[in-house]
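Taking it in order: structure first as structure tokens, then the write-up.
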Amino acid sequence: MINYIIRRVLQTIPIILGVAFIVLVLFTQVGEDPVRMKLGNHATTEAIEDLRAEWNLDKPLGTQYLLFLKQIVTFDFGESFNSGEQLSEMFASGASATLMLTLPPFFGGILINLIIAVTIAFYRGSWIDRYSTVLFVAGMSVSYMVYIMFFQYFLAYKLGWFPINGFEPGLNAIPYLILPWLITMIVNAGPQIRLFRTVFLDETRADYVRTAFAKGCSPARVMFVHIMRNALIPILTYTVIEIPNLILGAFLIERFFSIPGTGDILISGVNNGDFPIIKGLTVLIAITFTICNMLIDILYAYVDPRVQLDG
């Protein structure tokens, strides 16, 4: 197992190096000149040259690339254009808020939706299956934005059950996060349960299910033990695919609920043309997605005995 993990980590390194290079080229060679974005079109030649030297943009591309890798490793991306704040502190604070916002409803929602989906699959063809299908398909037809505005208006503004927006560090943030958690779980419930149910029903046609029944296993044991384990393989794949949607949803939630997470920081950076913020968060999000893919591959080894760890 250790050899497999080491091999996967080593395979991830060139991917991260490639991602860093692509981001550097896009933001320094292809896109708009960051120095012009900072100083404006009427800046003097001397000011432009001084700032290019300060940001190392006057150096060869290879040298810029090595310096950019150093920024990634040391988590030191310089300062914000507008506020002058250190980006390492800004990103760390934003990541903390984003993780508090996204991880509990994401993993908690997957666990709850797995239980609901396997229960619906167990009672397939019954009224539970039919009515839940209608309910979840209807829920999938409503956009994320509608859920945010509806629940924010009725539950927060009209009924006063939750704060409309705001955020505080630590555990004091929980009252502000309950409504965003609820919205995230409701939005994800429809597509996740429909997918999980389909996966479970596909597994019921496998040969090992017939073998388990022939050996005298009860329907509940077959569904909740044997089928559940094998169904985790496509479910893990779905979890990785959903990470970009999770980040996108966090952007919307953070903006509407005034939560100072990475999504809110990135949107503000785009609106203000804050080049260091956009560049730094772009590469960090890409690296996070790459690392998540690696972790999912490692998890496959635990749920799929067909994976050859030492091959």
Side-chain angles (χ1 to χ4, degrees), residues 98-148 150-152 155 162 174 177-206 209 219-254 257 261 263 288-289 292-293 295-300 302-304:
T98 297
L99 291 176
M100 291 183 65
L101 172 66
T102 56
L103 292 187
F106 184 65
F107 291 106
I110 286 178
L111 178 61
I112 293 172
N113 294 336
L114 275 174
I115 296 172
I116 296 174
V118 74
T119 303
I120 293 173
F122 184 75
Y123 293 104
R124 60 188 179 278
S126 67
W127 66 270
I128 296 177
D129 189 13
R130 291 192 297 271
Y131 284 110
S132 64
T133 299
V134 175
L135 176 63
F136 293 126
V137 169
M140 293 168 58
S141 304
V142 181
S143 72
Y144 209 135
M145 191 78 70
V146 172
Y147 281 110
I148 293 175
F150 177 84
F151 282 101
Q152 195 174 43
L155 298 186
F162 308 100
I174 293 179
L177 295 174
I178 293 177
L179 183 57
W181 288 346
L182 178 63
I183 293 173
T184 302
M185 293 177 69
I186 291 176
V187 169
N188 293 332
Q192 287 184 2
I193 292 174
R194 294 292 297 157
L195 174 65
F196 297 164
R197 172 189 174 276
T198 301
V199 171
F200 290 135
L201 291 180
D202 287 342
E203 289 293 327
T204 60
R205 304 183 184 94
V209 174
R221 178 174 177 79
V222 172
M223 178 63 74
F224 290 94
V225 177
H226 298 282
I227 292 178
M228 175 71 81
R229 179 179 176 85
N230 287 277
L232 286 178
I233 299 169
I235 289 172
L236 285 174
T237 303
Y238 167 82
T239 301
V240 176
I241 295 173
E242 277 297 293
I243 290 177
N245 293 331
L246 177 69
I247 296 173
L248 177 60
F251 287 5
L252 292 173
I253 290 285
E254 288 171 5
F257 285 89
T288 299
F289 185 71
C292 287
N293 273 289
L295 294 178
I296 291 299
D297 285 345
I298 294 173
L299 287 176
Y300 278 151
Y302 291 99
V303 299
D304 189 351

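Treat the numbers as computed from the prediction; the structure is a model and nothing was measured.
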Check your understanding: At what distance, to the nearest 0.5 angstrom, does CD1 of Ile253 lie from OG1 of Thr184?
Key -> 4.5 Å
Check your understanding: At what distance, to the nearest 0.5 angstrom, does CZ of Phe106 lie from CG of Leu101?
Key -> 13.0 Å
Just distance, no hydrogens or angles: give the donor-acceptor pairs under 3.5 Å from side chains in residues 109-117, sequence neighbours left out.
residue	atom	partner	partner atom	Å
Asn113	ND2	Gly109	O	3.0
Asn113	ND2	Gln192	OE1	2.6

Point to revise | Note, Phe257 side chain near Ile148 side chain (heavy atom, < 4.5 Å) | key: yes
Exercise for review: Calculate, to the nearest 0.5 Å, the distance between atoms CD1 and CZ belonging to Ile178 and Phe162 respectively.
Suggested key: 6.0 Å
Practice item. Look up atom CG in Leu195 and atom CG in Asn188, then write down how far apart they are to the nearest 0.5 Å. Key: 12.0 Å
Check your understanding: Just how far is it from atom CD1 of Ile186 to atom CZ of Phe151, taken to the nearest 0.5 Å?
Key -> 3.5 Å
Check your understanding: To the nearest 0.5 Å, how far apart are CD1 in Ile174 and CH2 in Trp181?
Key -> 5.0 Å
